[in-house]
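A short worksheet on the structure shown next.
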Amino acid sequence: MSAVPKQLTPEEIQRRRKRSVAIALVLAALVAIFYVLTIAKLGPQVLNRPL
Amino acid sequence: MAATPSMTSLTNSAISDRPFVEAQSSGGEVADYFALLKPRVMALVIFTALVGMTVSPSHVNPVIGAISLLMIAVGAGASGCLNMWWDADIDAVMTRTRTRPIPAGRIQPGEALSFGLTLSVGSVLVLGLAANWLSAGLLAFTIVFYAVIYSMWLKRATAQNIVIGGAAGALPPMIGQAVVTGTVGIESTILFLIIFIWTPPHFWALALVKAGEYARAGIPMMPNVAGPDSTRRQIVAYSAVLAPLGLAPVALGFGGLIYGVVGLVGGLAMLGLSVQVLRRRDGEAANKAAMSLFGFSILYLFLLFSALLAEQGLGLFRPVLG
């Protein structure tokens with residue numbers, strides 16, 4: 001059997017783009033969650049360290 | 001058992017003229033993935049977990065509390081997603097569920113499985129890091145209980161499916177209290193019991209009306225196994241236990257005057273509507289009585305928990321006893 005790459009329709013491409021944006025937003029939200037969680041659990045002193 | 005062949009064949013029929021197609025990617029919208037999480041159930045879980053937090057005799061950092069609530073909701077959504085993956089064959093033959101993303105062919109079963117597992121593991125880990133590992137363990141137990149014990153085993157095996165499986169829906173207040181206190185106290189245990197005892201009359205009222213659909217899908221719901229009359233008697237029995245149980249928070253001191261009034265009136269109404277279901281056994285009147293109970297049961301639980309939230313969260317608590 002030979003593999004035939006599936007040709008995406010414009011609608012499928014648009015839906016894929018929306019899914020990609022959604023994944024990006026979720027990842028950004030995760031970054032924000034871990035940031036505020038760190039501050040909330042450890043306090044602002046976590047930022048105060050000798051360089 | 002395989003939950004997906006009917007779906008896969010539906011999708012494949014449209015592309016059968018091609019010699020080979022790469023691993024099928026989803027054509028699903030973002031909204032389809034969101035629908036996999038059963039957003040209405042998620043909203044209910046957030047609500048009951050929040051009440052579990054507010055009745056707890058201590059406080060939590062609001063940021064940690066908010067993130068914990070979000071993770072509890074995501075975990076509940078993940079279990080809903082796994083349930084939809086497993087039950088896609090049943091969903092396809094029931095009118096209420098046949099438009100869900102998997103039976104409708106908008107999302108591939110494997111994608112739903114990956115999505116559900118990823119969110120399950122992620123939500124448990126983040127909850128453990130944000131709050132504590134007891135709450136994370138309870139969330140993991142809830143997900144496994146709903147997706148494996150209920151969906152994969154009980155649902156197709158016994159008429160007690162929703163009785164035992166109801167424990168999964170009753171756990172969020174306990175998780176909420178575990179987030180705040182690091183332990184499970186009497187308050188969330190009572191809330192667990194209220195939801196647990198509420199579940200059978202709630203679901204069986206719907207099952208009485210949808211008995212034909214459940215039979216066609218091969219689900220042994222109580223009306224199909226024990227018969228409608230036995231189900232009606234059991235609905236009354238559970239409601240008779242639920243009405244006084246709903247007042248337990250007053251007796252234990254964490255439900256006040258508002259809650260007491262709502263619990264008393266609501267409990268009596270639940271019992272009255274259950275008796276109506278028992279008395280009206282034939283024709284459209286029977287369906288109407290069952291749907292009235294189904295609808296009111298949702299309102300009853302919502303009002304009970306709203307009253308607790310208002311009393312504990314908004315400072316409206318007025319003690320009934322002492």
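Letters go in sequence order (proteins before strands), and every chain restarts at 1.
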Nearest-0.5 Å distance, [atom1] of residue [X] to [atom2] of residue [Y]:
{"X": "B/M71", "Y": "B/I175", "atom1": "CE", "atom2": "CD1", "answer": "13.0 Å"}
{"X": "B/L113", "Y": "B/F115", "atom1": "CG", "atom2": "CZ", "answer": "12.0 Å"}
{"X": "B/S135", "Y": "B/I72", "atom1": "OG", "atom2": "CD1", "answer": "7.0 Å"}
{"X": "B/K38", "Y": "B/L44", "atom1": "NZ", "atom2": "CG", "answer": "12.5 Å"}
{"X": "A/I23", "Y": "A/K18", "atom1": "CD1", "atom2": "NZ", "answer": "14.5 Å"}

Exercise. Using non-hydrogen atoms and a 4.5 Å limit, figure out which bit of B/L70 sits close to chain A: side chain, backbone, both or neither.
Key: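 Only the side chain of B/L70 comes within 4.5 Å of chain A.
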Quiz item: B/A31 versus chain A, heavy atoms under 4.5 Å apart: side chain, backbone, both or neither?
Solution: neither
Practice problem: Specify the closest pair of heavy atoms between B/T181 and B/T183, including all atoms of both residues, with the distance to one decimal. | Solution: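 Where B/T181 meets B/T183 most closely, the heavy atoms are OG1-O, 2.9 Å.
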Exercise. Heavy-atom distances under 4.5 Å only: say whether A/A40 touches chain B with side chain, backbone, both or neither.
Key: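 Both parts, heavy atoms under 4.5 Å.
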Quiz item: Looking only at heavy atoms, which of residues 49-58 of chain B get nearer than 4.5 Å to chain A?
Solution: none
Quiz item: Looking at A/R16, A/K41, A/E11, which has the largest count of heavy-atom pairs under 4.5 Å with chain B?
Solution: A/K41
Quiz item: Charged N to carboxylate O below 4.0 Å: is that the case for B/D87 and B/K155?
Solution: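 A salt bridge is present here (some side-chain N lies under 4.0 Å from a carboxylate O).
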